[in-house]
S.K.: 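Can you read through this structure? Questions will come right after.
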2 protein chains.
Amino acid sequence: MPRAGLDPNTVLQAAAELVDTRGLEELSLASLAQKLGIRSPSLYNHVNGLPGLRRKLALYGFVQMRDAFTRASIGKSKDDAVRSLAEAYLDFARRHPGVYEATQRFADLSDPTVQKAAGEVVEVVVQVLAGYGLQDDLAIHTVRGFRSLIHGFASIEQQGGFGIPLDLNESFRVLVDTFLAGIHARMDNK
Amino acid sequence: MPRAGLDPNTVLQAAAELVDTRGLEELSLASLAQKLGIRSPSLYNHVNGLPGLRRKLALYGFVQMRDAFTRASIGKSKDDAVRSLAEAYLDFARRHPGVYEATQRFADLSDPTVQKAAGEVVEVVVQVLAGYGLQDDLAIHTVRGFRSLIHGFASIEQQGGFGIPLDLNESFRVLVDTFLAGIHARMDNK
DNA sequence: TTGACAAAACTAATCATATTAGCTATATTA
DNA sequence: TAATATAGCTAATATGATTAGTTTTGTCAA
């Protein structure tokens with residue numbers, strides 16, 4: 001029996017690929033072990049059981065998202081930055097549906113490490129929206145709003161919830177633009 | 001052994017209560033059977049296994065949502081109707097977190113019956129937004145956008161994703177108002 | 001009133017998964 | 001080259017879903 005030569009990172013990568021191709025429901029120690037060519041108890045050498053695996057998958061997702069969003073925001077500001085960030089967000093959810101869903105389903109935000117990782121993702125949004133110079137509470141409300149609409153769109157799209165055959169990218173563009181128009185209207189008014 | 005006197009509806013109600021109080025992850029035939037005081041194989045007399053139970057839970061959720069949203073929209077139009085609908089949506093998600101999540105997770109939209117039930121919920125949104133007389137595609141984009149932001153907010157809130165201690169109702173109000181402002185700005189412009 | 005029948009609920013058995021305990025073999029390194 | 005840490009294994013246990021087949025209970029017609 002030649003050793004498989006696995007390590008925690010290889011296992012994590014395999015899990016990410018598994019959920020992105022077969023869906024989050026298909027993630028089990030049994031299916032992952034089979035994909036890796038080992039028996040499922042051997043996974044305990046690399047991962048803290050199924051809960052541990054799920055946690056790592058969520059953490060991994062947050063890191064990937066933070067990096068992708070940071071890249072998308074560099075060198076841009078205001079509406080340009082917001083549109084670029086929104087695009088990167090939707091793109092990530094589409095390319096990594098399983099990992100994205102894992103960040104929603106498996107992230108226990110009472111876990112400080114997870115909280116920190118999730119916070120670093122939100123921080124990118126905070127920085128991008130800081131460009132508008134919104135006051136205190138309004139800045140927070142706006143971050144929450146932006147997160148809500150991009151997550152909501154990605155989530156419904158992934159569930160197949162937009163039934164009508166009308167271009168989804170266009171819908172997303174309209175949504176982001178409507179939100180931006182709302183922010184500008186709000187700033188102009190008072 | 002006196003008969004428990006269950007029927008499919010009683011079972012469904014118990015399942016709804018279970019997921020709303022203990023969370024969706026806690027739903028199993030075993031836990032539901034225990035709650036009902038029967039053995040889990042007996043559930044097959046009322047429900048088509050776990051997949052069947054989940055499906056019924058999602059369908060039940062859609063019906064409840066459609067009814068609640070319809071009630072909230074009656075006698076109102078435009079911004080009033082939109083705000084009332086948004087409020088009813090968030091209220092439902094908060095009061096019935098398990099059932100709400102079930103509509104997201106367990107609804108197989110390739111199932112015609114499920115599709116119809118989900119469609120009837122969306123139809124309420126369509127009718128409310130029809131009040132703005134938006135043209136064709138834009139009307140659809142707007143419905144998609146509104147669904148995205150309210151679902152996104154409800155979903156993130158339920159996950160505990162809004163960490164900062166700042167009033168969530170206010171955030172939601174600001175979000176809906178920003179969206180409305182965006183719609184109006186869009187209508188005024190072109 | 002009673003006999004027949006549909007179905008509610010049960011027990012027993014099978015299968016899949018997670019997990020733990022303890023063993024074995026392999027890589028690494030002192 | 002011998003010692004050691006550990007990757008991976010087998011065996012065993014527990015829980016949950018599901019199926020098959022049995023018992024029991026309501027109900028309803030004769």
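Below, read A as the first sequence line, B as the second, and so on, with proteins coming before strands; counting in each chain starts at 1.
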S.K.: Nearest whole angstrom, please: distance from the C1' of D:dT24 to the CD1 of B:Ile38.
M.R.: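 Rounding to the nearest Å, CD1 of B:Ile38 and C1' of D:dT24 are 15 Å apart.
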S.K.: Checking all strands, does A:Pro51 fall into the base, sugar-phosphate, or nothing category for heavy-atom contacts under 4.0 angstrom?
M.R.: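 The residue A:Pro51 makes sugar-phosphate contact but no base contact.
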S.K.: Does this structure show an ion pair linking A:Arg95 with A:Asp91, if we count only N-O contacts that are shorter than 4.0 Å?
M.R.: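 A salt bridge is present here (some side-chain N lies under 4.0 Å from a carboxylate O).
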S.K.: Checking contacts here: which listed nucleotide (C:dC10, D:dT10, D:dG8) is nearest the side-chain heavy atoms of A:Pro41?
M.R.: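 The answer is D:dT10, which lies nearest to the side chain.
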S.K.: Angle between ring planes, B:His184 versus B:Tyr132, binned at 30° and 60°: parallel, tilted or perpendicular?
M.R.: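 Rings of B:His184 and B:Tyr132: perpendicular, over 60°.
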S.K.: Roughly, in whole Å, what's the span from CG in A:Leu50 to P in D:dT15?
M.R.: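 Answer to the nearest Å: 17 Å.
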S.K.: Specify the separation, in whole Å, of atom OH of B:Tyr44 and atom P of C:dT14.
M.R.: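 Going from B:Tyr44 (OH) to C:dT14 (P), I get 17 Å.
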S.K.: Distance check needed: C:dA16 P versus A:Glu25 CD, whole Å only.
M.R.: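 Rounding to the nearest Å, CD of A:Glu25 and P of C:dA16 are 19 Å apart.
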S.K.: Roughly how many Å is it from CG in A:Asn45 to P in D:dC9, rounded to a whole number?
M.R.: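 After rounding, the reported distance stands at 9 Å.
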S.K.: Could you tell me the separation between the CZ atom of B:Arg39 and the C1' atom of D:dG16, rounded to a whole number of Å?
M.R.: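 After rounding, the gap between these two atoms is 14 Å.
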S.K.: Base, sugar-phosphate or nothing for B:Ser40? Non-hydrogen atoms, less than 4.0 Å.
M.R.: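 Counting heavy atoms under 4.0 Å across all strands, the contact made by B:Ser40 includes a base.
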S.K.: Whether B:Glu157 and A:Arg144 form a salt bridge (side-chain N of Lys/Arg under 4.0 Å from carboxylate O of Asp/Glu) is what I want to check.
M.R.: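 Salt bridge absent between A:Arg144 and B:Glu157.
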S.K.: Angle between ring planes, B:Phe153 versus B:Phe172, binned at 30° and 60°: parallel, tilted or perpendicular?
M.R.: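 Ring orientation of B:Phe153 relative to B:Phe172: tilted.
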S.K.: Is the distance from OP1 or OP2 of D:dT6 to the nearest side-chain N or O of A:His46 less than 4.0 Å?
M.R.: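 For D:dT6, OP1/OP2 do not have a side-chain N/O of A:His46 under 4.0 Å.
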S.K.: Rounded to whole angstrom units, what separation is found between the CD atom of A:Gln34 and the P atom of D:dC9?
M.R.: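 Going from CD in A:Gln34 over to P in D:dC9 covers 13 Å.
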S.K.: Rounding to an integer number of Å, can you tell me how far B:Leu29 CG sits from D:dT18 C1'?
M.R.: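 After rounding, the reported distance stands at 9 Å.
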S.K.: Ignoring backbone atoms, establish whether B:Ser28 has a side-chain N or O less than 4.0 Å from OP1 or OP2 of D:dG16.
M.R.: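 No.
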